[in-house]
*Asks:* 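Right, I'll just put the structure down here and ask away after.
In the text below, chain A, chain B and the rest are named by the order of the sequence lines, each starting its count at 1.
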Amino acid sequence: MLDPKLLRSEPEKVAAALARRGFELDLKGLAELERRRKSLQTRVQELQNRRNTKSKAIGRAKAAGEDIQPLLDEVAALGDELKAEEEALRVVQEELRQFQLHLPNLPHETVPDGKDEEDNREERRWGEIPEFDFEPMDHVDLGEALGGLDFQAAARLTGSRFVVMHGQIARLHRALAQFMLDLHTREHGYRESYVPYIVNDDSLYGTGQLPKFHEDLFRLEGERPWYLIPTAEVPLTNLLRDQILPADALPFKVVAHTPCFRSEAGAYGKDTRGMIRQHQFDKVELVQAVRPEESFEALEALTGHAEKVLQLLELPYRVVTLCSGDLGFSATKTYDLEVWLPGQGRYREISSCSNFVDFQARRMKARWRNPDTGKPELLHTINGSGLAVGRTLVAVMENYQQGDGSIRVPEVLRPWMGGQEQIVPEG
RNA sequence: GGAGAGGUGGCAGAGCGGUUGAAUGCACCGGUCUUGAAAACCGGCAGGGGUUAACGCCCCUCCAGGGUUCGAAUCCCUGCCUCUCCGCCA
């Protein structure tokens, strides 16, 4: 959520910033809502004040043994009017809240202007794009030939956009996740967490998936508003919901390996082949909460932590800054890491690292006690994939493939593979 | 699944339907004392919102949502959560 004070005091400025991402702020509607809110709120508070004063007077009179009937007559009419005005105020405030919940974050000044991914700015490239003296296969052909990937079985078990992994490929997938977790906990200072894969609606409001992106989520049957997590960002960041952290608990850095569930509504026909876009995939997620003045520094560091995974795996990649129009709802700035996929002959997103500044923290009341002011203040939250495990598996398979259809195991992964050096077809 | 107890400020823990947004203790901050520290003593210390140039004034919040009442932390209903015992279970 945006700072309501900023929204009130400088709506034109907010509108201009939101326009950069193609969002049109309804200034007239906002002004009208504000106008109604203000007059109703003033009126309600005035009535409440009168009621409180009279009620206290009644209490005093009663204690003094005086006749309270005249006083009771005075307040008689107050109740109904107050009730009506309170209801009107509630309606307006709910409208205002909905209005605010649908406003995306403001793009940071360092974010390039643009409409879509075409306008993203490439920051740097790392690694050598591999040359093959044979026609490289994509992970689907490789995996099926190796007996390690079975999309047909998954379609039978569930439906499209799922995969079954077997044998060495399944192990490689597990090794990747373990390797990432160990790297981030041992080298980068994150605390490992195990979290629920089902969350309530408050959590999804907190990180910004709700109310706007309901269709992207899997909701469970039943009375309760429970959803499968689309990313561990949701449970991890919501660890701080309604909390006030002491200053010495900062920076807060957690990592978790979880499955992620996405409905991919609206992605019909997109990446239908292979493991790139699945309803269920594993991800190692990095989350930080820091002092406001440190968040952009933290974003750089966290992006570096994700990059480190690719570097150790020796996978070529590039870093792009998302342009204003390509930015996610809650983010003020995002770096995407894109890994080179020989099977597609192009870079594909494998990690997305964002600074949300106080946008998520305001929604979830995630605060810290600032020793300088003694007051609770909003934290800044940052997160990023470190990395998407399924897509990393794809990248390893495609980049490490050999002419005979086998796959070399990246050196850094071998400790998690029992020392195994290559993956060959299984009998 | 059955039976019971409970959810109050950063934490612990009081609270008769009425000057209680809340005793007390701890923690924290400032001060006195001390060479310094500790102890002791004094003072401060919930969150959110409205209004104001500011001092201030006002409103809301004692798990959440309804209800009773002139007035609710306190009474009633529903939900959620926690704890204890029994049963079941990985």
Side-chain angles (χ1 to χ4, degrees), chain A residues 1-9 11 30-31 33-101 194-206 210 220 222-227 235 238-250 252 289 358-379:
Chain A
M1 222 153 64
L2 299 175
D3 182 356
K5 282 179 186 145
L6 181 70
L7 197 57
R8 264 201 296 272
S9 59
L30 175 65
L33 270 174
E34 266 301 326
R35 194 189 59 72
R36 276 160 57 204
R37 192 221 89 231
K38 196 165 172 174
S39 86
L40 274 169
Q41 188 162 353
T42 316
R43 177 77 185 136
V44 163
Q45 291 191 356
E46 187 189 312
L47 288 170
Q48 286 172 330
N49 185 12
R50 277 213 332 249
R51 179 203 59 195
N52 292 347
T53 314
K54 302 248 184 208
S55 288
K56 279 181 184 169
I58 291 173
R60 268 195 303 269
K62 210 173 168 187
E66 297 165 12
D67 179 17
I68 59 171
Q69 195 52 49
L71 287 165
L72 286 180
D73 295 340
E74 275 183 55
V75 259
L78 218 75
D80 290 340
E81 189 184 359
L82 180 58
K83 206 165 233 178
E85 298 284 309
E86 275 177 339
E87 176 56 18
L89 176 62
R90 196 193 60 73
V91 169
V92 171
Q93 274 178 328
E94 178 54 25
E95 231 177 295
L96 201 55
R97 194 179 82 91
Q98 285 304 325
F99 184 90
Q100 290 173 349
L101 280 174
Y194 172 86
V195 291
Y197 303 158
I198 295 172
V199 292
N200 59 31
D201 55 344
D202 284 339
S203 294
L204 289 157
Y205 275 99
L210 288 179
L220 301 192
E223 305 277 299
R224 311 217 266 201
W226 281 4
Y227 298 80
N238 275 281
L239 287 171
L240 302 178
R241 175 151 50 91
D242 296 320
Q243 304 294 310
I244 301 173
L245 292 190
D248 62 17
L250 300 177
F252 173 86
D358 58 11
F359 188 87
Q360 293 182 325
R362 183 171 293 106
R363 286 179 163 226
M364 65 173 82
K365 296 188 190 66
R367 294 168 296 174
W368 67 299
R369 196 169 290 277
N370 184 343
D372 295 336
T373 60
K375 292 290 171 196
E377 295 173 11
L378 293 174
L379 287 160

*Asks:* Would you say a side-chain N or O of A:Arg90 is under 4.0 Å from OP1 or OP2 of B:G65?
*Replies:*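 No, A:Arg90 has no side-chain N/O under 4.0 Å of OP1/OP2 on B:G65.
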*Asks:* B:C57 pairs with which nucleotide, Watson-Crick or G-U wobble, both distances below 3.5 Å?
*Replies:*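 B:C57 is paired with B:G50.
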*Asks:* Look at A:Asn52 and B:C58 and indicate whether a side-chain polar atom (N or O) is within less than 4.0 Å of OP1 or OP2.
*Replies:*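 No, no such contact exists.
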*Asks:* Should B:C89 form a Watson-Crick or G-U wobble pair with both distances under 3.5 Å, which nucleotide is its partner?
*Replies:*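 Paired with no nucleotide.
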*Asks:* Under 4.0 Å between a side-chain N or O of A:Asn49 and OP1 or OP2 of B:C59?
*Replies:*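 Yes.
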*Asks:* For atom C1', what is the distance between B:A22 and B:G15, given to the nearest Å?
*Replies:*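 After rounding to an integer number of Å, I get 8 Å for this pair.
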*Asks:* Could you give the distance separating B:C60 and B:G21 at their C1' atoms, to the nearest angstrom?
*Replies:*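 Between the two C1' atoms, the distance is 11 Å.
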*Asks:* Looking at B:C81, B:G49, B:C60, which one has an atom nearest to any side-chain atom of A:Arg51?
*Replies:*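 Of the candidates, B:C60 comes closest.
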*Asks:* Would you measure the distance from the C1' atom in B:G6 across to the matching atom in B:U74 and give it in whole Å?
*Replies:*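 It comes out at 15 Å once rounded to the nearest Å.
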*Asks:* Would you say the side-chain atoms of A:Asn200 and A:Ser203 include a donor-acceptor pair closer than 3.5 Å?
*Replies:*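 A donor-acceptor contact under 3.5 Å links the two side chains.
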*Asks:* Taking only side-chain nitrogens and oxygens of A:Arg50, does any of them come within less than 4.0 Å of OP1 or OP2 of B:C58?
*Replies:*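 For B:C58, neither OP1 nor OP2 has a side-chain N or O of A:Arg50 closer than 4.0 Å.
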*Asks:* Find the distance between CZ (A:Arg363) and CG (A:Asp358) and round it off to the nearest 0.5 Å.
*Replies:*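 Atom-to-atom, A:Arg363:CZ and A:Asp358:CG are 12.0 Å apart.
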*Asks:* Quick one: A:Glu46 CD to B:C58 C1', roughly how many Å, whole number?
*Replies:*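 Distance check: A:Glu46 CD to B:C58 C1' gives 11 Å.
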*Asks:* Hey, is the main chain of A:Lys375 close enough, under 3.5 Å, to the side chain of A:Arg369 for a donor-acceptor pair?
*Replies:*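 Checking the backbone N and O of A:Lys375 against the side chain of A:Arg369, no donor-acceptor pair under 3.5 Å is found.
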*Asks:* What is the separation between atom CZ on A:Arg35 and atom P on B:U51, rounded to the nearest whole Å?
*Replies:*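 Roughly 15 Å, once rounded to whole Å.
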*Asks:* Give the C-alpha distance, both sets of side-chain angles, the deciding distance and a yes or no for side-chain hydrogen bond (donor to acceptor under 3.5 Å, both in side chains) between A:Asn52 and A:Gln48.
*Replies:* CA-CA 6 Å; A:Asn52 292 347; A:Gln48 286 172 330; over 6 Å; no
*Asks:* So which heavy atom on A:Ile68 is nearest to which on A:Ala61, and how close?
*Replies:*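 Scanning both residues, the minimum pair turns out to be CG2-CB, 3.8 Å.
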*Asks:* Over how many whole Å does the gap from A:Ile68 atom CD1 to B:G18 atom P extend?
*Replies:*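 In whole Å, B:G18 P lies 13 Å from A:Ile68 CD1.
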*Asks:* Could you tell me whether A:Lys38 contacts a base, only the sugar-phosphate backbone, or nothing, with contacts defined as non-hydrogen atoms closer than 4.0 Å?
*Replies:*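 It contacts sugar-phosphate atoms only.
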*Asks:* How many Å lie between CG on A:Leu72 and C1' on B:C70, as a whole number?
*Replies:*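 Atom CG in A:Leu72 sits about 5 Å away from atom C1' in B:C70.
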*Asks:* Taking atom types as modelled, is there a side-chain donor on A:Gln45 or A:Asn49 under 3.5 Å from an acceptor on the other?
*Replies:*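 Absent: no donor and acceptor within the cut-off.
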*Asks:* With a cut-off of less than 4.0 Å, is there a side-chain N or O of A:Arg369 near OP1 or OP2 of B:G9?
*Replies:*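 Indeed not, no polar side-chain atom of A:Arg369 lies that close.
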*Asks:* Both distances under 3.5 Å, Watson-Crick or G-U wobble: report the partner of B:U19, or none.
*Replies:*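 No nucleotide pairs with B:U19.
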*Asks:* Does the structure show a Watson-Crick or G-U wobble partner for B:C28, both distances under 3.5 Å? Name it, or say none.
*Replies:*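 Result: B:G44.
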*Asks:* Given that A:Pro376 and A:Ile244 both sit by RNA chain B, which one's nearest nucleotide is further toward the 5' end?
*Replies:*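 Checking each residue's closest nucleotide, the 5'-ward one belongs to A:Ile244.
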*Asks:* Would you say a side-chain N or O of A:Lys56 is under 4.0 Å from OP1 or OP2 of B:U20?
*Replies:*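 So the side chain of A:Lys56 is outside the cut-off, no N or O lying under 4.0 Å from OP1 or OP2 of B:U20.
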*Asks:* Tell me which nucleotide among B:C59, B:C70, B:U19 gets nearest to the side chain of A:Arg60.
*Replies:*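 Within the option list, the nearest is B:U19.
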*Asks:* Pick the C1' atom in B:G66 and in B:U51, then give their distance to the nearest Å.
*Replies:*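 Pairwise C1' distance, B:G66 against B:U51, rounds to 31 Å.
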*Asks:* Have a look at A:Arg37 and say if it touches a base, only the backbone sugar-phosphate, or nothing, with a 4.0 Å heavy-atom cut-off.
*Replies:*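 Sugar-phosphate only.
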*Asks:* For A:Leu47 and B:C70, give me the distance from atom CG to atom P, rounded to whole Å.
*Replies:*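 My rounded result for the distance is 17 Å.
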*Asks:* Can you tell me, in whole Å, how much space there is between the P of B:G31 and that of B:A38?
*Replies:*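 Going atom to atom, P in each nucleotide, I get 12 Å.
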*Asks:* Taking atom C1' in both B:A72 and B:U19, compute the distance separating them and give it to the nearest angstrom.
*Replies:*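 B:A72 and B:U19 have their C1' atoms separated by 16 Å.
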*Asks:* Send over the distance from A:Leu6 CG to B:G49 P, rounded to a whole Å.
*Replies:*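 Rounded to the whole Å, the gap is 14 Å.
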*Asks:* Answer with base, sugar-phosphate or nothing: what part of the nucleic acid does A:Arg367 contact at a heavy-atom distance below 4.0 Å?
*Replies:*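 The answer is sugar-phosphate, as A:Arg367 gets under 4.0 Å only of primed atoms, P, OP1 or OP2.
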*Asks:* If you take all heavy atoms of A:Leu47 and A:Leu78, which pair is closest and at what distance?
*Replies:*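 Closest approach of A:Leu47 to A:Leu78, heavy atoms only: O-CD2, 3.9 Å.
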*Asks:* Once you round it to whole Å, what is the distance between C1' of B:C80 and CH2 of A:Trp226?
*Replies:*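 Rounded to the whole Å, the gap is 11 Å.
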*Asks:* Pick the P atom in B:C59 and in B:C83, then give their distance to the nearest Å.
*Replies:*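 One P to the other, the span is 39 Å.
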*Asks:* Assuming nearest nucleotide by heavy-atom distance, tell me which of A:Gln48 and A:Lys54 is located more 5' along RNA chain B.
*Replies:*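 It is A:Gln48 whose nearest nucleotide is closer to the 5' end.
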*Asks:* Would you measure the distance from the P atom in B:U84 across to the matching atom in B:G30 and give it in whole Å?
*Replies:*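 So the two P atoms sit 40 Å from each other.
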*Asks:* Could you give the CG-to-P distance, from A:Asp3 to B:G48, as a whole number of Å?
*Replies:*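 These atoms are roughly 13 Å apart.
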*Asks:* So what's B:U34 paired with, Watson-Crick or G-U wobble, going by both distances under 3.5 Å?
*Replies:*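 Check on B:U34: unpaired, no WC or wobble geometry under 3.5 Å.
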*Asks:* Any side-chain heavy-atom pair from A:Arg362 and A:Pro4 closer than 4.5 angstrom?
*Replies:*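 Touching, per the 4.5 Å side-chain cut-off.
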*Asks:* Ignoring backbone atoms, test whether A:Lys375 places a side-chain nitrogen or oxygen under 4.0 Å from the OP1 or OP2 oxygen of B:G47.
*Replies:*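 Answer is yes, contact under 4.0 Å.
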*Asks:* Counting only Watson-Crick or G-U wobble pairs whose two distances fall under 3.5 Å, which nucleotide matches B:G4?
*Replies:*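 B:C83 - that is the nucleotide pairing with B:G4, both distances being under 3.5 Å.
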